[in-house]
Protein chains: 2
Amino acid sequence: MEPGEAARPSPGRAVRALPPRLLLLPLLLGRGLQAAAAASSSGAAAEDSSAMEELATEKEAEESHRQDSVSLLTFILLLTLTILTIWLFKHGRVRFLHETGLAMIYGLIVGVILRYGTPATSGHDKSLSCTQEDRAFSTLLVNVSGKFFEYTLKGEISPGKINNVEQNDMLRKVTFDPEVFFNILLPPIIFHAGYSLKKRHFFRNLGSILAYAFLGTAVSCFIIGNLMYGVVKLMKIVGQLSDKFYYTDCLFFGAIISATDPVTVLAIFNELHADVDLYALLFGESVLNDAVAIVLSSSIVAYQPAGLNTHAFDAAAFFKSVGIFLGIFSGSFTMGAVTGVVTALVTKFTKLHCFPLLETALFFLMSWSTFLLAEACGFTGVVAVLFCGITQAHYTYNNLSVESRSRTKQLFEVLHFLAENFIFSYMGLALFTFQKHVFSPIFIIGAFVAIFLGRAAHIYPLSFFLNLGRRHKIGWNFQHMMMFSGLRGAMAFALAIRDTASYARQMMFTTTLLIVFFTVWIIGGGTTPMLSWLNIRVGVEEPSEEDRNEHCWQYFRVGVDPDQDPPPSNDSFQVLQGDGPDSARGNRTKQESAWIFRLWYSFDHNYLKPILTHSGPPLTTTLPTWCGLLARCLTSPQVYDNQEPLREEDSDFILTEGDLTLTYGDSTVTANGSSGSHTASTSLEGSRRTKSSSEEVLERDLGMGDQKVSSRGTRLVFPLEDNF
Amino acid sequence: MEPGEAARPSPGRAVRALPPRLLLLPLLLGRGLQAAAAASSSGAAAEDSSAMEELATEKEAEESHRQDSVSLLTFILLLTLTILTIWLFKHGRVRFLHETGLAMIYGLIVGVILRYGTPATSGHDKSLSCTQEDRAFSTLLVNVSGKFFEYTLKGEISPGKINNVEQNDMLRKVTFDPEVFFNILLPPIIFHAGYSLKKRHFFRNLGSILAYAFLGTAVSCFIIGNLMYGVVKLMKIVGQLSDKFYYTDCLFFGAIISATDPVTVLAIFNELHADVDLYALLFGESVLNDAVAIVLSSSIVAYQPAGLNTHAFDAAAFFKSVGIFLGIFSGSFTMGAVTGVVTALVTKFTKLHCFPLLETALFFLMSWSTFLLAEACGFTGVVAVLFCGITQAHYTYNNLSVESRSRTKQLFEVLHFLAENFIFSYMGLALFTFQKHVFSPIFIIGAFVAIFLGRAAHIYPLSFFLNLGRRHKIGWNFQHMMMFSGLRGAMAFALAIRDTASYARQMMFTTTLLIVFFTVWIIGGGTTPMLSWLNIRVGVEEPSEEDRNEHCWQYFRVGVDPDQDPPPSNDSFQVLQGDGPDSARGNRTKQESAWIFRLWYSFDHNYLKPILTHSGPPLTTTLPTWCGLLARCLTSPQVYDNQEPLREEDSDFILTEGDLTLTYGDSTVTANGSSGSHTASTSLEGSRRTKSSSEEVLERDLGMGDQKVSSRGTRLVFPLEDNF
């Protein structure tokens, strides 16, 4: 507990203090005019007596720029250290600590050094007490002894805090604008989650995933909110609460803390080749509940009952909040889906796939524009980006050239990796450098109990109801594992740091930080024992002694991408060639899915796929005849030669018993497609005239030389490409 | 000419006006507290009567955020349009307009629309006239009717301009901080240039390239500066000059305009497979003279004669400037080289190459840290990044895994592509949206003549002297082509926009913009005719009719990467296997290089390569015996099994007649290595016990199955990987 912070006098109204201040990434951008002015001062002739003064300003700007560089270097050093230690851990096959946990530890250490090791220097603040009009302007021109300086508004400061503005320059430098998390770091993480979603397993568990993500998060939010309200009441009674803490605040806490992020668990699942359905459930839930949590929290914030006596229940305001939830969610969803569809159409109807660089750049720009478009329309960019990622993976990905597929995957993977580790190392740092912590032991203990109960009330009842409808039941061990995997991570942190103005929010932020720490460290470390204790099937492949000595083979599937299939056995090649049994089975089991998914499936297969990609049946056969012309325009010429059923999509909804050998067909295609069809596109030039989409070429290639493909075995070298 | 701008009254001292204001990229970061405050205001209970007021502030912040998003969307739309049009052009094999020229045209169109199509809205500025102390503070606390707001210093504004601050919100939004160019957009462009430098051809023309870059740029700067001083004198006589324009300003203009950027020409060279030596000369010169121009311009800025009577020649100040030039240049060089070497050591002594993602992330972070390190030490980050790129390509690249090689290349290629096109489309936009243009016809015409003469005085005499020492002479047609290829691009623009405070600088900026436009459009369009007129050998490969109809084959080598070798003929595989003739030839011709390069070459080959990479002779054989222990520690175990001479580096300095078939050996290795050794690392697991570096494995692979490799023919699918 930071002395002097929790005990400081609380002003009557909710203080809107200055949130931790920016300048980590923005420094490169934001140093702007100061430096430019400095350059200009050195550039323009210093011809009058103000030269010395200018020189001083210039020096100061230069000094500030240097400090900015140093603080960024600190973070880069942190990440570099993390990377090297991760390597050591992977090298030694240490599994109890994930890279994110490591990043936090390093951040923590550097935070301690910065907090207690650097001298407090005064900021160059100047208080101006000119009374003026009743509102603040975004730009201010100040006349300083004849010269005019421009200032921009940074925010309001509570009167009690004026002398409390961070005094330490270095701490100020490493503390950065919370919006950076939302606008810079989260989008690549979330987009990558959507883009690397394993379609097959995601879709075949879609119903359950949606239930966990929507109902589950709502239940969890409500339960945690209510429990925390009880805790807050208790705190009031024992006199531990020094400021206001409303019911809506509790619900808000419930919403932000309901965003699970089982990054550690998934990495271990992946490494140990644990059950794919469990993996899909956990991953799908965590991806979607991030979106739900964002929208839920902003709906709760928007809950403002009429009249001045707020924080009482108001049905109108409640329904307005529900409406806002639905509006923002569907708006963001639509925005993301639309940009994804536009990208799919563009990549389909141009021959852009001949230029992987252009294609990748276009893909990147379109995906980014989703974020901006949603923000410009008042929706949530992060949520839009998630659905854009899913749409891109489902449609656009099929139109991309083989090289662009790997390029886009790799690009977003690197961005995701850097952003995620950055956030986690920042979290470690923030525990000591953040200046407004409110540690309340009762609240913290209450929160741990509440998230445990909230998770339990979310997983077990829902699983029970889902099992009524599922053919492939979610077993008790799976339910316990899901219960156990309720880690909190980047999203909870980003939501919590977004607003730390009021006392309640500061307490929430501190508690969230601690919850993230403990869940990542303890649950992350306990995953492997838990898996064996719960008897969940894992399929570790131990490398031979020879491999271990000399090659990288043993590492290849370790934690590099938390969204991989276990490597397909070689039998799956066989399935590919004799495509029959799989798709027959697909057709049979498809019938057993819920009607809503069947409807969507056939719509997707008959209309969307053919319109947006080069695959699927020709539209001329699926659309009514009066749409003939339109159908002919929209159908790509390749499709006519390609009327065999879609290998990949036919089995999206199969609820099999998880027979790996048979169902991994499509991931194998892509895995080998990444390098296999290189060969095809050059060596088969002469022979392929009727078929030209890379999938088909690949298929031929596979058919032509089985031994060639299996000897290539690219899945070991391109471990990141078999996600689809 | 913009009325009211050039004619405005000039204050006595060089005004330090507000440079065009930021908020393009920074918006995502910088919108920061305003939005956070807004969120907080909606989050915290609006319990007192200030709720309405808060709501207004919130609305305003939201509106501002929306505008930010829209302005960024404008740029994304521009880039997307550019990409699609480039595709159309490539599709139609249009060569007269390069993508950068296209980006400028689209920027121009959008600029016109923004300038004349949007209504002028007032900025929310507020002038405060409180006289206070004699200096401006970086942070200001303003008391607005009882509430405190924090403002940060943006810069000084000249008194005459207070009412002249951009009035149009949209124009303000799309005009962004010049430092963004230097700190965000240039580094990836320059790093990519260094990283994709074709080592072989670069090093074999190193002497000439250094001469052109250093001597040439200095000569060009001096000649242009003097000619422009004459033009300025003339303008003074005819009364066209309304403000001061010193000799140092002219020299500064000479420095910034001496940075050539033949991006268009190189793209066409690459497409037409023009002569590789000419390509290397042009590319090498343009890469290095960017660095020279930056450092030269900051040295000229630093030229401040003692006393108040500036702008007279002062020997002490002159030598100080020379000292600054040498100091900054060598400091930045060292910084870049050191981080490159550190990265090489880290990648050599860890098994990080087993995790391409970690490796790529580390590579990215280390390269970025070069920039920050140099900036933190007061050197030039952009220059450091260039040499870091060259070092990374020369050493680290050899240690990277095959996948990381393609990942890092592709990552920086995408960044480079986006940044470059962004700059060019911004240039188009700036012609209309920049508010302080000073169009002076005399100056502009004079500048065109001066750059022509400057280029001539740089190319022809230098080529003459170089030819005295070169075995492989630079022919007249090459000299004419180099003369012709003096385009100006991103670097000249970034240097010019960095400081547009004074009248002289504004005139320079406008002129630079026009020079970039005309050189990119006209010279870019005239390259193909010029090549044929000058009889420079090109080797266009026309695709067969079949390929043209159905595949992308005909595009693959078109302009995707301006630094490619022509595709090696299949004979080069033979060279690889029978390594003899090439290296023998290398040893013979190496003797003919200048002694300084021979010295460097053997030092590099005997010590640096073995220390920093897995290749080269073991240090135990090259170092004196008393260093035995050290040598054993530094030499990687692989090297002992690998004592055959370095295939790749042996021919770095060959001054052959450019026999492609024989000398393209090494690029073929890498080209096929990118996918070839995937195979090797899995299929050869059993057989390789003694050798494990990917090169060797590859070599084996090549040796084992020649037909396999040639049927794979990855160079067509991975056109971006054969650069080294």
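Chain letters run A, B, ... following the sequence lines, proteins first and then strands; every chain starts at 1. Predicted, not measured: the structure shown is a model, and the values here were computed from it.
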*Measuring heavy-atom distances to chain B, does T360(A) have an atom under 4.5 Å in its side chain, in its backbone, in both, or in neither?*
side chain

*Under 4.5 Å heavy-atom distance to chain A, tell me which part of L84(B) shows up: side chain, backbone, both or neither.*
side chain

*Roughly how far, to the nearest 0.5 Å, is the CG atom of L72(B) from the CD atom of E375(A)?*
11.5 Å

*Heavy-atom pairs under 4.5 Å with chain A are the metric here; pick the option from L418(B), L411(B), I86(B) that has the most.*
L418(B)

*Heavy-atom distance under 4.5 Å to chain B: side chain of F364(A), backbone, both or neither?*
side chain

*Looking at V301(A) and F252(A), what are the two nearest heavy atoms and their distance?*
CG2-CE1, 3.6 Å

*Could you check if a side-chain atom of F371(B) sits within less than 4.5 angstrom of a side-chain atom of L73(A), using non-hydrogen atoms only?*
no

*Might you point out which heavy atoms bring S401(A) and E359(A) nearest each other, and give the distance in Å?*
OG-OE1, 3.0 Å

*Where do L372(B) and S69(A) come nearest, in terms of heavy atoms and distance?*
O-CB, 3.6 Å

_L88(A) portion near chain B, given a 4.5 angstrom heavy-atom threshold_ = neither

*asked:* Between E413(B) and R407(A), does any NZ, NE, NH1 or NH2 come within less than 4.0 Å of an OD or OE carboxylate oxygen?
replied: yes

*In terms of heavy-atom pairs under 4.5 Å with chain A, which of L77(B), L362(B), V414(B) leads?*
L362(B)

*For each of I83(B), T80(B), V346(B), tally heavy-atom pairs with chain A at distances under 4.5 Å, and name the one with the top tally.*
I83(B)

*Pick one of side chain, backbone, both or neither for L79(A), based on which atoms fall under 4.5 Å of a heavy atom in chain B.*
both

